Structures are given as C-alpha cells and as structure tokens.
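As structure tokens, the structure follows; a few thoughts come after it.
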There are 2 protein chains.
Amino acid sequence: MKDSKIIDVAQKAKVSPATVSRVLNGSSLVTEKTQKKVLQAIQELNYTPNAMGKQLRSRRTMTLGVVVRDIRVSYNAEIIKGIENMANTLGYKILICDSQNEKEKEVELLSLLQNRTVDGLILVTPQLSDEEITSFADDEYTIGLIGRRIEHPDIPCSFTDNRRIGREVVEHLLEAGHRRMAFLCGFADATDSIERLEGYKEGLAEAGLPFLPELIDNGNFSEDAGYEAFKRIWAGSGEFTAVFAANDEMALGVYKACAELGISIPERMAVVGVDNIRITNYVEPKLSSVEQPLYEMGAALTEKLIGQIKGDEGTGPQLMQIRSTLVIKGSSGKGG
Amino acid sequence: MKDSKIIDVAQKAKVSPATVSRVLNGSSLVTEKTQKKVLQAIQELNYTPNAMGKQLRSRRTMTLGVVVRDIRVSYNAEIIKGIENMANTLGYKILICDSQNEKEKEVELLSLLQNRTVDGLILVTPQLSDEEITSFADDEYTIGLIGRRIEHPDIPCSFTDNRRIGREVVEHLLEAGHRRMAFLCGFADATDSIERLEGYKEGLAEAGLPFLPELIDNGNFSEDAGYEAFKRIWAGSGEFTAVFAANDEMALGVYKACAELGISIPERMAVVGVDNIRITNYVEPKLSSVEQPLYEMGAALTEKLIGQIKGDEGTGPQLMQIRSTLVIKGSSGKGG
DNA sequence: GTTGCCGATGAAATCGATTTCAATATAAAA
DNA sequence: TTTTATATTGAAATCGATTTCATCGGCAAC
C-alpha cells in the first residue's frame, strides 16, 4: 500500500491540508463536524504523518543520541535501558552509537548534533577531553554526561562519588584487618578510575598508612587487564593482602590470576570490585562490589536533558551525584 | 554559533545552492575553481548539511530500527553489536527500541516504519504473529528477523537450526550415558524454544527412547523460571539424570535449584543450556551450552536488509541459517 | 439594515536540501 | 568569424508537514 500524504487526506475530506494538520495536532480551532470528516478520511486512507516532513518543519527530531564504548558490557546496557525507558515515556527515541572504544569515533559522532540528526547527545564515560565537550556545549548543542563530571552550566552530568567509593572500600578493607592493599586502575582517561584512586589514597591517609606506588597498576577495565595487572604487582612485591579493582571486570581477572597462582580468596587475598555486575554473584566466593544505580543514572540524566531541550531553564542543579552502596560478599569477609 | 544553511554557503561563495549541493555530493560537473570556492566557504562557515532537509528530499533516513525484548540480556546485546557495526560500515544508524517484553509495544513500534522514521526494521525474536509481520512486509515495508523464521520472499531471516541443536544436545547426553532427560522450554511464543523441543523429541525417537511429557516444563527464559520449572519436575517424577534447558538463564536456575536440593552437578544431574553466555564459564562446574554466532547473525541480517533497502534484488536466499556449536564443559561430562 | 467582531478555514510561505531543466559560457568545428 | 556542441551553472520545483496571515461566514450590536 502506497502511503498517502496530507494533501490526499485533505482532498478526500474536502478541506485544506492546514485543517488536516490542525486535526492531527489537536488544535481547538476546528469544528467538530470537519474534524469528523478529516478523521474519517485519515482512517480510510490509513494515513500516518511522515516523520521527516514534520521534523524538518518543527526542527525537532525527537531523538537522542547515546554514545557508549561497548554496548555489550552490562554497565552500559543497564544505563541504556534507563535512558531508553525515560526517553520513551517523554516521547523520544534513541540512537545508539557504539564507539568501539575509539576516541576518533566519538569525535565523529558529535556530527550527529551538528547535522541535527539528534536533538541531544548523551555521552557515557566519554574519552573526549573536557575542552572538546565544553566547546560543543558552548555552541548551543545539547550534551549530557554519564559517569563523568564537567562543571558547565549547560552540561548536565550524572555520576557517582567515586572518591567516596574509594574511601569506603579502603575503610571496609581496613576494618577487615588489611593493611596493605593494591589498587588496579582502569583506563588512564577515565575520571571514574582516577577519582577512585584518589579516594583510595585518602582512605589510606586517614588511617595513617603510607601510599605505596608499587601496589598500583592499571589496565583497560577488562578482565584480561586485571589479570595481567595483578600478576605484575604480585611479581613485584608480594606484600599485600587485598586488592581493590576499579571495576568488577578487572576483579574477575584477579580471580583468574589467583586461581592460577594458588592464592585463595578471601583467606590469602581479599578482593573488591566496582559496579556489582551480575557475574559477581556467580563466582566463588561471591565478589564484594560497589553498586551504582546505573538505570537511575541513565533515567535521571535523560529527564534533565530533555527538559533542557524543551527549554525548561533552571530546573535544578546540573550535577547529579548519585549515591552508590558497597555490597560486602564472600571475597572480602573479615579476617585474612 | 548559529548553524548556517546551504544558501549561506552559496552566497558566500557567490554561486547557487545547487552548485553547493553538487560539491557536497561530489558531482563531477563542477569546475575545480568553483569547487575550491565552495569548499572554502563551507570551511569558513563551518557548515554541515542539515540531515532532516536531506532526508526529506531523498526519502531516506539512513536509519534502521532494532526491536529487542530487553537490551540488557547479553543475547540481545551481542546481536545489537553485530547490527550496529555492520549498519555503521554501510552508513546507517540504528534506533534501539526496548519492547519491555510487551507485545503491545512491539505493535506500536511498527509505526516507525509507517511514518518513515526508519528505512527498515529488525525484529529480534519478536512476539508479533506471523500474520502481523507478513502483512507489514506486504505493504512494502522492509522488515528483517533474527532468531525467528518466516517464509516470505521479502523478509530476510537469520536464525539457527534449533531442531538440530535439540538433537545434538540429546545425542551428547545419550553418549554420556543418560537415558531420562528433562527439557525446560522458554516462552510459549518463541519458535526457538518450540523447535528445540522438537529436536529433543527427534533425538529421543532416534535412540528409541520414549518421550515423557512429565519431563517437560516451561518458563519465560529467565533464571527464576528455570529454577521453578526444575523444582516442579523434580517434585513430580524424580526419575531423570539430565536437564536440557532452552537457554542458559534457565540452566542457571537449575543450578540454583540443585544447590538448594543438594543435587550435585554433574554427578547426579547433568545440565546443558543454550546461548553459551559469559556466565556459563564462571559457574562451578562450567555450564555446557550451545554457542550461537549472535554477532554474525546480527551483522549478516543487517547487510542483507540494507541491500534490500538499496534495491539489490535477488542477491541470495532470504533465509540465513547459521550454524551453532555445542560447547561441552563440566556440567555434562561423561558418567553420571 | 449596516457595521463590527470572532471563529473556522484556506492559500501560501516555510523548514533545508536535492534535482530537473533551462540558460549560459566555453571550446571546438566550419 | 560564425555556428555548433558541450561543460557549468542557476532558477525553480520538490519532498511532506506546519504555521502565518488573509478571508469568509455568521452572529450580535447598533
């Protein structure tokens, strides 16, 4: 069936396209009688307004772009779900862009804003520099950030207090009797990771313990990276009884390394991760982790961003810090 | 910075919009000199062609819609990744729609095709009936299916031979010495599940074993459902030594139930799932499963669908059956 | 019976690009 | 030098809907 245009409906109903448009958009300036005629015609022709025409005229695509580094990692999937749901309730659609962890691709994707393919863009833990992002926001493009924080009046950000996470984990490990604990960073460019490291340092400082650079290593947030990083540290200075990994993936790598090296968890080595992904509850022992309300972060940011697109000014703070909670499980119980 | 239009570029370069358009689209009918002028003007104005204008005129959105039941489940995420990558290489973007497992929502989403928001729609294990889908395809709308099979000249489908999967798993279990094996179905509407059940029956029949209805139960593909289903069967007729779950999630539910009931895997009970999701390698014992090349399924279908949109006719069969492989792990070793 | 006003409708401009077709300019041929 | 063919360019139509502005009609007020 060929799809019909507004003019077809107009002709069938013996009115002008303008009137049809008014009916479609619920304008009150239409007689009940003509409205009925028009609706009848719409029904008979099985007419659906063409989105492109509508968008061009209204200069709104009702679409949000979402840039993630990899759709498959559950951290991102959960955020996307939150974004998608909120966007949908507010009448928006979402365009997913997987940057494949390439910064170059992220830069490219900003063009979606320039060419007005989307009304706004949500970047999830982006690799772009603060300058690149702010310069875009300054150009009146609508951008929102998840898992990263930039102080800018027009950039809403939704993130967790990573420093607090760092401190809290350290406190937990201290309480469990550990004095020397390693820290595995993630991407060098990830503020998440950097801030968690700072929190780790603060925690140690508060307890009057020294910060030992040899207990720090980093990787790219992947299981393999965690595995390698742990092995490096272990080979360097065997002197530690706990590991705090910047995310669960890396913590899983630690599990693997420990299994290989015959190090038992948690007796000989306590392990704590961040994100509390599903797998943490399937490994033995269950992995202690910090749960971030990812779904809520996605949803909250989306709501704010759409508000901004619609022009709601000053509806609240641009920085939305969301509280995360430490979930203690078998991998970091008392004693050790 | 206000974004500029093609007319602005035209004025700045002292040419007509038509010429600018030609330069933009690499038409060969432009003098090198004017081309230079135009490019110069484009650069100076930092001009980017507006996507909506372009789309309206060309009647192409260069966007594909993807409907999944839940973005978070890794089965879907993997498929989406394949779709996204292929779409991207071919210049397409993807609009993600999470149907929240509601059929009603799926129906709604078909409107994306009607109003031309997308050029084509990919449905991943959809809940819509064959009739609903084919009637849409008959209306010249471009639809593709993943994980489901409909015989229709205009509907490309990418799926695995579920019946074969069923037979193969049964054969494997028979070889390991099992004679009575339970089967846990998934969604009642999922052809995947139904076909696997048929394969299971065929496998039994080939071995001359009877099909026992009391060893069949079903759930909704979730871990909880698997847990409940197993408990029901167990309570009914304790007489079986292996379970074949229609997917890994349900198999994980079986693990949970067995742990509670003190049934050891694989000694007392062998377990096999389907999908070979990541968690299967983190549980103890590792879960035997059937690996489906999800990424490839997504990518292959997308390529075909875009070909169809572009008008490549008859470039191959509409039905793409992709071979899956049984991965035997600890949960179904010999003996039992 | 005019005049004035208001509510319903339509004609036409608009959004921003592409593309057809006609009109140039340029080069080649006579 | 004039004619013809060809290579560039521009004017205007187009995609499909929305929206402004003008118009028409009816009704009330004078």
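Chain identifiers are assigned alphabetically (A, B, ...) following the order of the sequence lines, protein sequences preceding nucleic acid strands; residue numbering begins at 1 within each chain. Given the structure is predicted, the values throughout are model-derived calculations rather than measurements.
- Minimum interatomic distance between B/Leu145 and B/Ile143 (heavy atoms only, all atoms of both residues): CD1-CG2, 3.8 Å.
- Between B/Arg22 and A/Gly53, the residue anchored closer to the 5' end of DNA chain D is B/Arg22, taking for each the nucleotide with the nearest heavy atom.
- Between the CD1 atom of B/Ile42 and the C1' atom of C/dA17 there is a distance of 13 Å, rounded to whole Å.
- Within the nucleic acid shown, B/Val30 comes within 4.0 Å of sugar-phosphate atoms alone, with no base atom in reach, counting heavy atoms only.
- A/Leu56 has its CG atom 12 Å from the P atom of C/dT18, to the nearest Å.
- Within the structure, every side-chain polar atom (N or O) of A/Ser21 is placed at least 4.0 Å from both OP1 and OP2 of D/dT19.
- The separation between A/Arg60 atom CZ and D/dT19 atom C1' is 16 Å, rounded to whole Å.
- Among C/dT18, C/dA17, D/dA17, the nucleotide with an atom closest to any side-chain atom of B/Pro17 is C/dT18.
- If you measure from atom NZ of B/Lys37 to atom C1' of D/dT8, you get 11 Å, rounded to the nearest angstrom.
- Comparing C/dT9, D/dG10, D/dA17 against the side chain of A/Lys5 picks out D/dA17 as the nearest.
- Out of D/dA11, C/dT9, D/dT19, the shortest distance to the side chain of A/Thr31 is found at C/dT9.
- Comparing C/dT18, C/dC15, C/dA17 by their nearest atom to the side chain of B/Asn25 picks out C/dT18.
- Contact annotation: A/Thr19 reaches the phosphate of C/dG10 (side-chain N/O to OP1 or OP2, under 4.0 Å).
- The CD atom of A/Glu32 sits 12 Å away from the P atom of C/dT9 (whole-angstrom rounding).
- In this model, no side-chain donor or acceptor of B/Arg116 finds a partner on the base of D/dG16 within 3.5 Å.
- A salt bridge does not link B/Arg148 with B/Asp192: every distance from a Lys NZ or Arg NE/NH1/NH2 to an Asp or Glu carboxylate oxygen is 4.0 Å or more.
- Toward the 5' end of DNA chain D, the nearer of the two residues B/Ala18 and A/Ala51, judged by each one's closest nucleotide, is B/Ala18.
- The base of C/dG16 is not paired with the side chain of A/Arg59 by any donor and acceptor separated by under 3.5 Å.
- Here C/dT14 presents its C1' atom at 13 Å from CD1 of B/Ile7, a figure rounded to the nearest Å.
- Atom pair B/Leu45:CG and C/dG16:C1' shows a separation of 15 Å (rounding to whole Å applied).
- A/Thr142 and A/Gln308 get closest at one heavy-atom pair: CG2-NE2, 3.9 Å.
- Residue contacts for A/Ser58: at a heavy-atom cut-off of 4.0 Å it reaches no nucleic acid atom on any strand shown.
- If you take CD1 of B/Ile6 and C1' of D/dT9, they are 14 Å apart, rounded to a whole angstrom.
- Proximity note for A/Arg57 (side chain, C-beta onward) versus C/dT19, D/dG16, C/dG10: the nearest is D/dG16.
- B/Val20 comes within contact range of no nucleotide atom at all, as no heavy-atom separation falls under 4.0 Å.
- By the 6.0 Å and 45° rule, A/Arg69 stacks over the aromatic ring of A/Phe187.
- Contacts of B/Lys33 with the nucleic acid, taken as non-hydrogen atoms under 4.0 Å apart, are absent.
- Taking the side chain of A/Asn50 as heavy atoms from C-beta on, and the options C/dA11, D/dG16, C/dC15, the nearest nucleotide is D/dG16.
- Contact check on A/Lys103 versus A/Glu108 returns no salt bridge, with no Lys/Arg side-chain nitrogen under 4.0 Å from an Asp/Glu carboxylate oxygen.
- Under 4.0 Å is where a charged nitrogen must lie from a carboxylate oxygen, and between B/Lys105 and B/Asp98 no such pair does.
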